[in-house]
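Here's the structure we're looking at; comments come further down.
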Amino acid sequence: MRKLSATFILMSLMMVLILAGGAPVSADQLTMKEGANISLSATAGPNSTLTISSIDTNTDVKVKVSDTDTADFLGAQIVSGTGINVDSSDGNNVVISATGAGILSNKGDLLTHDGVNETSLGVGQKGQALTSDSSGGLEWASGDQLFNSNALLNAYRTADNVPTVSPLKMIDGIVDAFNLGTGINGAASSNAQGDFTNHFYAPTGGSAGVPIPMVNFDGTDDYLTIIDGTLGSTEGDAFTWSFWIDFNSDGDGVLQDITANGDNNLLIRRAADNKWDIFLQDDASATQALVAESTNTFTSSDGLMHVMLAFDGVTPAVQFYINDTVETLVPSKGPTAADLDITTGTLTIGRNTNNAANYLHADIGQFYMAEEYIDISVEANRRKFIDASGNPVDLTDPNESSGFKGTLPTGNRPIIYLNKATTLWQENLGSGGNFTVNGGGLSDGTPPSIPTSGTGTDNMTLVSNSQTAKTQPNAANILLLAEDVDAITPNTDLKAFVSRDGNDPVAQVTLSEVGDFEKGKLYTGTVDLSSQPAGTSMKWKVETDNNKELNLHGVGLEWR
């Protein structure tokens, strides 16, 4: 017999008590004597409560369904069923238990249990579930993002046909079809040249490239001049020069002034001992910032040479390279912190007007002078002017609608950039004005142009400008459209990287070939960004390795 000291709560019932053999009785409280049999029935009523209890906790109270019922506590009415077990073997308590599938114990992207076996499904496996994230994008049940390369491809095709929308910004991505160079960070890229008629970027060298015009200064009366008011420069503390030169044999052992200004604040020349001389002076204080001479000699037998000189008047520092190799300068003074004013007096190319005899006799091309310091000890910075094969790099920035202005190396327009054909070579493509031709006039060099084609293709680094994501992404998907001139192995010859903090992308994407397109092959891949530095400034980088030639026709980046 189960000891019963329980409360049964029957809401909304009116309890009617019927004494054995007597008339129905209604009561708020009923005390029954030991051994008395009471029959209970109820009619509906509001807020009615029936309590059956024993004052003596050691006394059992029997509850039966009928006179023939021998079980206690309605025991005969509790039956077992599928998955339900009833046990009253101790004669007092009724134990009800359920059987079925166990608790999932493993970890995985998605867990399933069929009552017997437990299975873990990885992302993308059959049976995996898709859901929607807070911004409405699709994601796997695990939270990993789902990307749709078809969306990127369609966006690329739109941008390719509507040049004014390149790069095409999407809600959660960007597509650049290379109609213009506005999506590319020229300063962070290297060995990359854009063909915006045919919509692609390609590595420099190889069979790609454009000719660099070479003009001849005759050593007799040819030189260029520009007055300070036209040049429009202000006093500055940083300068970088780059030019190509090939001395004529009768110019060896003779002073050859490359460029100078009337007050000798700037003078770059090859001296009579065939060494390079550099003179830089602060005009305001007459402080000599640098007086130096090269260790080695250079003559016409050396053929075409590329000359680079960078001066930092703050640090101060000076760097000098000939043919992509550092050339030691032995200074007699400096380098000293100074500001240089190159506009005092007339600036010349091909002669020093303070010394009437010093005319240049050489072929020269692509004369570049910027009022900023470029650290040319960094190879990637030199690659913006000379490729790995020792050939000229086109400094053209096709974003300039009015012509070639030399802004590609740094993103800034240099003060001087001379790179037109012979009859127009004096027309300055930089920010300063045009030069005046003096003497008999310039003639074609020998050869009249130097192609950028090299003996081998350079390895290209192409970096995008940053685009801001609406929220911080944890994953990104990239789509590349590459016309493989050479056989390309993804992740070996062609690599892609992504960042979310606006810095140099270092999270490498594992690329897979997913199909052919009208202009090449499609490569795509997804990369986890959750362990990368935090941020919403999205940037991609594409690299080519092993000197493989290709035309990259477009890049799409999507993030979640």
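Reckoned from all heavy atoms, side chains included, excluding hydrogens, waters and symmetry mates.
Each of Glu379, Lys384, Arg383 was compared with Asn381 under the side-chain contact (heavy atoms from CB on, under 4.5 Å) criterion, and only Lys384 meets it. For the pairing with Ile278, the side-chain contact (heavy atoms from CB on, under 4.5 Å) check across Leu267, Leu266, Leu290 returns one residue only, Leu290.
Taking all atoms of both residues into account, the shortest heavy-atom contact from Val463 to Ser189 is N-OG, 2.9 Å. Closest of all the heavy-atom pairs between Phe320 and Ile376 is N-CD1, 4.4 Å. What you find for Val318 and Pro335 is that their closest heavy atoms are CG1-CG, 4.3 Å. Of all the heavy atoms in Gly433 and Ile226, the pair that sits closest is O-CD1, 3.2 Å.
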Carefully, step by step, assess Asn434 and Gln426 under the rule side chain to side chain donor-acceptor pair (under 3.5 Å). CA-CA 6 Å; Asn434 293 332; Gln426 70 276 7; over 6 Å; no
Starting from the C-alpha separation in whole Å, work towards a yes-or-no answer on side chain to side chain contact (heavy atoms under 4.5 Å, CB included) for Ile374 and Met308. CA-CA 10 Å; Ile374 303 173; Met308 283 199 77; 5.6 Å; no
Pair Val291-Phe279, side chain to side chain contact (heavy atoms under 4.5 Å, CB included): steps then yes or no: CA-CA 5 Å; Val291 179; Phe279 297 89; 3.6 Å; yes
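Side chain to side chain, Asp545 and Asn459 fail the donor-acceptor criterion of an N or O pair below 3.5 Å. No side-chain donor-acceptor contact under 3.5 Å links Asn547 and Thr457. Between the side chains of Asn438 and Thr225, at least one donor N or O sits under 3.5 Å from an acceptor N or O. Side chains of Thr299 and Asn274: a donor-acceptor N/O pair is absent below 3.5 angstrom, by distance only. A side-chain donor-acceptor contact under 3.5 Å links Asp375 and Ser377.
The aromatic ring centroids of Phe178 and His199 lie 6.0 Å or more from each other. Taking the centre of each ring, Trp241 and Phe243 stay at or above the 6.0 Å mark.
Glu549 contributes no side-chain N or O that, together with a main-chain N or O of Ala202, makes up a donor-acceptor pair within less than 3.5 Å. Panel note: side chain Asp273, backbone Lys275; a donor-acceptor pair is recorded below 3.5 Å. Between the side chain of Asp237 and the backbone N or O of Ala338, no donor-acceptor pair lies under 3.5 Å. With Gln193 contributing its side chain and Pro203 its backbone, the two residues share a donor-acceptor pair below 3.5 Å.
The pair Lys539-Asp501 does not count as a salt bridge, with every side-chain nitrogen at least 4.0 angstrom from each carboxylate oxygen. By the 4.0 Å N-to-carboxylate-O rule, Asp221 lies too far from Arg351 to be salt-bridged with it.
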